[in-house]
Amino acid sequence: MSESSGLFQLPEEHVALREAIRALAEKQIAPHAADVDEQERWPAEAHEALVRNGFHAIHIPEQYGGQGADAVAACIVIEEVARACASSSLIPAVNKLGTVPLLLAASEELKQLVLPSIAAGTDGISYALSEREAGSDTASMRTRAVLDGDHWVLNGTKCWITNAGESTWYTVMAVTDPTAARKSEGISAFVVHANDPGFIVGPKERKMGIKGSPTREISFENCAIPVSRIIGEPGTGLRTALRTLDHTRPTIGAQAIGIAQGALDATLAYIKERRQFGRTIADFQGVQFMVADMAMKVEAARNLVYIAAAAAERGDKNSGFLASSAKCLASDVAMEVTTDAVQLFGGAGYTRDFPVERMMRDAKITQIYEGTNQIQRIVMARSLLRG
Ligand SMILES: Cc1cc2nc3c(=O)[nH]c(=O)nc-3n(C[C@H](O)[C@H](O)[C@H](O)COP(=O)(O)OP(=O)(O)OC[C@H]3O[C@@H](n4cnc5c(N)ncnc54)[C@H](O)[C@@H]3O)c2cc1C
């Protein structure tokens, strides 16, 4: 074997992981994807299959009962689940999003309280940063946490919380010092349990896509949690929340390329079957150029996603730039590729009889959440201009 055999390619264990999760997704997740979307229901079959096979939160370190898989492996799992069902891919994606703040900054005691149940799959965790009036402008949040003896008391409402109602744990950012010189330095991060008194889950949003993943408001009405549930020091919460995104934006990129790959695969099968003008539509060069462009973009985005995931894992200095660029490129590609897929299915693509219509609706959210693509461009430009 030459020295260069491992040069710039995925290691064998990642290739084997992809084969395993693809087989599981095709057999146990894809068959339910249309029904999950149509009924707007929790993907129970996918959840069960992912937990049974240990794919629901593979990033959790071994000392907390997890598998300690690296960031590229987590992306591969999310990508392959999204290729079959975008809603289901939010199970591993949001378990990572909710736990990274803990992994980055929580006390050992708090990690031991929360992480083993996520690793075991008995609990899920959500991430609550956004509010109605504080979306892109996260530092303007109003949810308050006040220290009262040996408890923090939370009041306020978070919105757009993915998998709320299904999750047991919630990583919540709240203002602890409204007088801080910089708003961002008056925010702290906490972990709230679904059974904490004063924790309320709102009704499901009625969405365009990812309909199997519930999105809800969560509210806190004098919700008292033990002092030990703060993540890190008071005032560090927003920094932890934003550092988290450097690790998880690549996972949204992975979700996006999974959706795009699913649409591309369905399109390649369809154009080889569909006949017009006495030949398959795959015979037309205009169609061939379209699928070539689709595959080219997916491949480019996939590579950037893995590079960004690996940079975050290593803690590289430019991981923020790479995370934003991977999420932004992959989600723009997913929107373009799924739109072209619908186009190449013709009228059939516009119906719910084929999966590309669902994939086009599901792709759209990847341009919006974990920071809109305008915000990603702001992050990238800031990093470039800082030099
Ligand atoms: C289905 C779904 C699931 C979600 N899941 C979660 C979750 O689990 N946890 C969580 O905390 N949040 C979640 N979110 C929230 C999501 O991250 C926000 O919706 C997103 O960050 C945008 O905030 P906003 O909706 O308030 O839009 P706004 O901030 O109001 O933006 C509106 C438009 O203005 C643009 N804009 C805003 N500021 C600027 C600027 N400075 N320069 C240029 N353009 C700008 C935006 O790009 C956008 O196009 C979810 C949202 C959805 C829809």
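Note that the numbering runs from 1 along the sequence shown for the chain. Atoms within a ligand are numbered from 1 in the order they appear, just like the ligands themselves.
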For this session: Please indicate, with yes or no, if any protein heavy atom is found under 4.0 Å from atom 13 (C) of ligand 1?
Result: yes

Problem set entry | ligand 1 contact on Glu205 by region, counting heavy-atom pairs under 4.0 Å | neither

Exercise. For atom 49 (O) of ligand 1, is some protein heavy-atom partner under 4.0 Å away?
Worked result: yes

Exercise. Which residue and non-hydrogen atom of the protein lie closest to atom 40 (C) of ligand 1, and at what distance in Å?
Worked result: Ile378 CD1, 3.7 Å

Exercise. With a 4.0 Å cut-off, strictly under, does atom 23 (O) of ligand 1 pick up any protein heavy atom?
Worked result: yes

For this session: Using a 4.0 Å heavy-atom threshold (strictly under), name the region of Ile365 that reaches ligand 1: side chain, backbone, both or neither.
Result: side chain

For this session: Can you spot which of Gln261, Arg18, Glu19 makes a side chain to side chain contact (heavy atoms under 4.5 Å, CB included) with Glu80?
Result: Arg18

Exercise. Quick one: which ligand 1 atoms are inside 4.0 Å of a heavy atom on Thr162?
Worked result: 3 (C), 4 (C), 5 (N), 6 (C), 7 (C), 8 (O)

For this session: Compute the shortest N/O to N/O distance between Arg132 and ligand 1 and return yes if it is under 3.5 Å, no if not.
Result: no

Exercise. What do we get for Leu129 next to ligand 1 when only non-hydrogen atoms under 4.0 Å count, side chain, backbone, both or neither?
Worked result: both

Exercise. Just how far is it from atom CD of Glu108 to atom CD of Gln63, taken to the nearest 0.5 Å?
Worked result: 7.0 Å

Problem set entry | Protein residue, atom and distance nearest to atom 25 (O) of ligand 1, heavy-atom basis | Trp160 NE1, 4.0 Å

Exercise. So is there a nitrogen or oxygen of Tyr127 less than 3.5 Å from a nitrogen or oxygen in ligand 1?
Worked result: yes

For this session: Indicate, with yes or no, if Val333 and Leu344 share a hydrophobic cluster defined by side-chain heavy-atom contacts under 4.5 Å among Ile, Leu, Val, Met, Phe, Trp and Tyr.
Result: yes

Seminar exercise, completed: Taken in chain and number order and not counting sequence neighbours, the residues that satisfy side chain to side chain contact (heavy atoms under 4.5 Å, CB included) with Val146 are Arg144

Exercise. Relative to ligand 1, is Asn373 under 4.0 angstrom through side chain, backbone, both or neither, heavy atoms considered?
Worked result: neither

Exercise. How close does the nearest protein non-hydrogen atom get to atom 17 (O) of ligand 1, and which residue and atom is it?
Worked result: Glu370 N, 3.6 Å

Exercise. Hey, which atoms in ligand 1 end up nearer than 4.0 Å to a heavy atom of Ile368?
Worked result: 20 (C)

Problem set entry | Residue Glu109 excluded, over 12 heavy atoms near CD under 6.0 Å | no

Exercise. Any Lys/Arg nitrogen of Glu38 or Arg358 sitting under 4.0 Å from an Asp/Glu carboxylate oxygen of the other?
Worked result: no

Problem set entry | Protein residue, atom and distance nearest to atom 39 (C) of ligand 1, heavy-atom basis | Ile375 CD1, 4.1 Å

Exercise. Does Thr215 reach the main-chain N or O of Trp160 with its side chain, forming a donor-acceptor pair under 3.5 Å?
Worked result: no

Seminar exercise, completed: Of all protein heavy atoms, the one nearest atom 44 (N) of ligand 1 is Gln374 CB, 3.7 Å

Exercise. Is it true that a side-chain atom of Tyr127 and a backbone atom of Ala241 form a donor plus acceptor pair closer than 3.5 Å?
Worked result: yes

Exercise. Is the backbone of Glu233 close enough, under 3.5 Å, to the side chain of Thr236 for a donor and an acceptor to pair up by distance?
Worked result: yes

For this session: Under the salt bridge (Lys or Arg N to Asp or Glu O under 4.0 Å) rule, what do Glu79 and Arg302 come out as? Steps first, then yes or no, please.
Result: CA-CA 9 Å; Glu79 178 189 343; Arg302 175 179 292 121; 2.9 Å; yes

Seminar exercise, completed: Scanning both residues in full, the closest heavy-atom pair of Leu24 with Ala49 reads CD1-O, 3.8 Å

Problem set entry | Of all pairs that satisfy side-chain hydrogen bond (donor to acceptor under 3.5 Å, both in side chains), the ones with a partner from residues 361-370, not counting sequence neighbours | Asp37-Arg361, Thr248-Glu370, Gln255-Tyr369, Asp332-Gln367, Glu357-Arg361, Lys364-Gln367

Exercise. At what distance is the nearest protein heavy atom to atom 46 (C) of ligand 1, and which residue and atom is it?
Worked result: Thr372 OG1, 3.6 Å

Problem set entry | Flag: protein heavy atom within less than 4.0 Å of atom 33 (C) of ligand 1 | no

Seminar exercise, completed: If you scan protein heavy atoms around atom 38 (N) of ligand 1, the nearest is Ser136 CB, 3.9 Å

Problem set entry | Heavy-atom proximity to atom 16 (C) of ligand 1, best of Gly135, Ser140, Ala128, Ser130 | Ser130

